[in-house]
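Step one of this worksheet: look at the structure below.
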Amino acid sequence: MFHAVTIKDIAKALSISPSTVSRALRDSHEISAGTKTLVLEYAKKINYRSNPIAQSLKNQKSNSIGVLVADVANSFFSQAINGIESVAYENGYHVIITQSHDDYEREVVNIEHLVDRCVDGLLISMSAHTTDYSHLTQLHERGLPIVFFDRIMPGIETYQVTTDNVNSAYEAASLLIKKGYSQIAFLGNAPQLSITSDRLQGYTDALKDHSLRYDERLVRFCDQGGRNSQEIKNILSELLSEPANIDAVLIASDQISTAAVRVLSTFDPLPSVTVIGFSNSTVIDLLSPRISYIQQNAFKMGQIAAQKLITILQSTYPIREFDTTLLRGKLHWRGKSKNKLIADHM
């Protein structure tokens with residue numbers, strides 16, 4: 001049977017006390033250079049490895065970070081997680097990833113599980129169906145470091161990292177208007193999500209600034225967040241028929257954008273509608289019909305969120321002032337101008 005070498009084994013072999021071995025391994029100033037060399041050389045010879053679990057229990061730290069996202073299959077979140085891991089591992093932290101699948105109950109259970117695993121802090125992107133935030137506010141009040149990214153929660157005083165969603169949606173809607181489109185629908189995720197409300201604001205601001213009337217009948221939300229193709233098909237069918245008869249749609253969700261394009265491809269005949277959506281899919285340019293899209297800097301967002309959390313974890317004193325980091329989205333135009341006199345380039 002395998003027997004892991006312990007500090008007691010080293011102490012016995014060198015005829016010194018376990019406490020002396022422990023201090024020598026930690027490079028304590030209380031131990032002489034000669035004793036440190038003796039202990040370290042012997043530890044290396046027998047391939048001694050410290051027990052990280054025991055060490056974490058002693059220090060009340062696990063050197064791990066819990067991450068909660070809606071769905072790791074979503075290209076945006078997978079890219080954000082890569083960014084998180086790149087910073088976490090560089091700073092000596094392990095990452096534990098969980099998914100809410102946009103379900104409130106699963107979000108609560110997963111966060112409880114992460115806390116039970118004694119994570120040092122949490123990086124959270126909210127579930128689309130979360131309207132009760134008490135499970136998060138209670139943890140924050142108890143002192144657990146939390147940083148929100150993408151789907152943020154302004155009600156808690158902590159660092160937040162997201163896309164400049166208002167400006168991104170404004171630029172997308174303004175571009176459609178400049179290209180000659182006037183009946184522009186808005187299709188978003190759950191209305192309580194920060195990304196949805198911010199992108200809706202950008203959309204409405206663009207209409208106002210270009211003297212177009214806001215029509216609430218052209219604003220729709222997907223309760224299932226793109227997971228139910230029939231829900232999306234029903235919404236698009238209504239928007240493409242009279243009296244709405246839209247000529248363009250701004251889709252304010254990565255998963256809904258991809259799902260909507262797939263649904264549109266099943267229509268016969270293919271609808272004459274121009275689509276701009278938020279998407280970080282690596283195959284977005286291969287989809288048919290073509291879709292223009294706002295690409296978010298997901299990797300950088302993950303990096304910044306992880307660094308913000310580590311800043312809290314490693315701070316000697318409590319941090320009292322926090323900020324919200326807004327990252328610029330990149331707009332890719334793949335559509336055509338409705339007015340042929342307008343050049344198609346961007």
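Note that the structure is predicted; figures quoted are calculated from it, not measured.
In summary, D102 and R151 engage in a salt bridge, as defined by a charged side-chain N under 4.0 Å from a carboxylate O.
Scanning for ring pair (Phe, Tyr, Trp, His ring centres under 6.0 Å) contacts around Y293 gives H332, with sequence neighbours left out.
For A43 against I10, the heavy-atom pair with the smallest separation is CB-CD1, 4.2 Å. When all heavy atoms of V273 and L240 are compared, the closest pair comes out as CB-CD2, 3.9 Å. Taking both residues in full, the closest heavy atoms of S168 and I294 are given as CB-CG2, 4.0 Å, listed atom of the first, atom of the second, then distance.
For the residue pair Y93/S64, the side-chain donor-acceptor check at 3.5 Å is not satisfied. T6 and D9 share a donor-acceptor pair across their side chains, judged by distance under 3.5 Å alone. A donor-acceptor pair shorter than 3.5 Å cannot be found between the side chains of T163 and N165. Looking only at atom types and distance, the side chain of E107 has a donor-acceptor partner in the side chain of T130 under 3.5 Å away. In summary, the side chains of S19 and S22 do not present any donor paired with an acceptor at a separation below 3.5 Å, with no hydrogens or angles considered. Residues S75 and S78 bring no donor and acceptor atom of their side chains to less than 3.5 Å of each other.
Rounded to the nearest 0.5 Å, atoms OG (S253) and CZ (R199) are 7.0 Å apart. The structure places CG of L176 at 4.5 Å from CD1 of I184, a figure rounded to the nearest 0.5 Å.
In the hydrophobic cluster analysis, where Ile, Leu, Val, Met, Phe, Trp and Tyr join through side-chain heavy atoms closer than 4.5 angstrom, Y203 is grouped together with I256. Hydrophobic clustering (side-chain heavy atoms under 4.5 Å, transitive across Ile, Leu, Val, Met, Phe, Trp, Tyr) keeps I146 apart from Y159.
Each of N297, N74, N280 was scored for a side chain to side chain donor-acceptor pair (under 3.5 Å) with Q79, with one residue passing: N280.
Taking the six-membered ring for Trp, Y104 and H135 have ring centres closer than 6.0 Å.
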Checking S257 against D254 for the side-chain hydrogen bond (donor to acceptor under 3.5 Å, both in side chains) test, could you report, in this order, the C-alpha distance in whole Å, the side-chain angles of both residues, the deciding distance, and whether it holds?
CA-CA 5 Å; S257 294; D254 194 308; over 6 Å; no

Decide yes or no on salt bridge (charged side-chain N to carboxylate O under 4.0 Å, His left out) for D285 and R290, but give the supporting numbers first.
CA-CA 7 Å; D285 288 320; R290 288 168 65 85; 5.9 Å; no

Worked verdict on Q183 versus D247 for side-chain hydrogen bond (donor to acceptor under 3.5 Å, both in side chains)
CA-CA 5 Å; Q183 286 293 102; D247 53 15; over 6 Å; no

Listing, residues 215-223 side-chain donor-acceptor contacts under 3.5 Å, not counting sequence neighbours, or none:
residue, atom, partner, partner atom, Å
D215, OD1, R217, N, 3.0
D215, OD1, R217, NE, 3.1
D215, OD2, R217, NE, 3.3
D215, OD2, R217, NH2, 2.9
R220, NE, R217, O, 3.2
R220, NH1, E238, OE1, 2.6

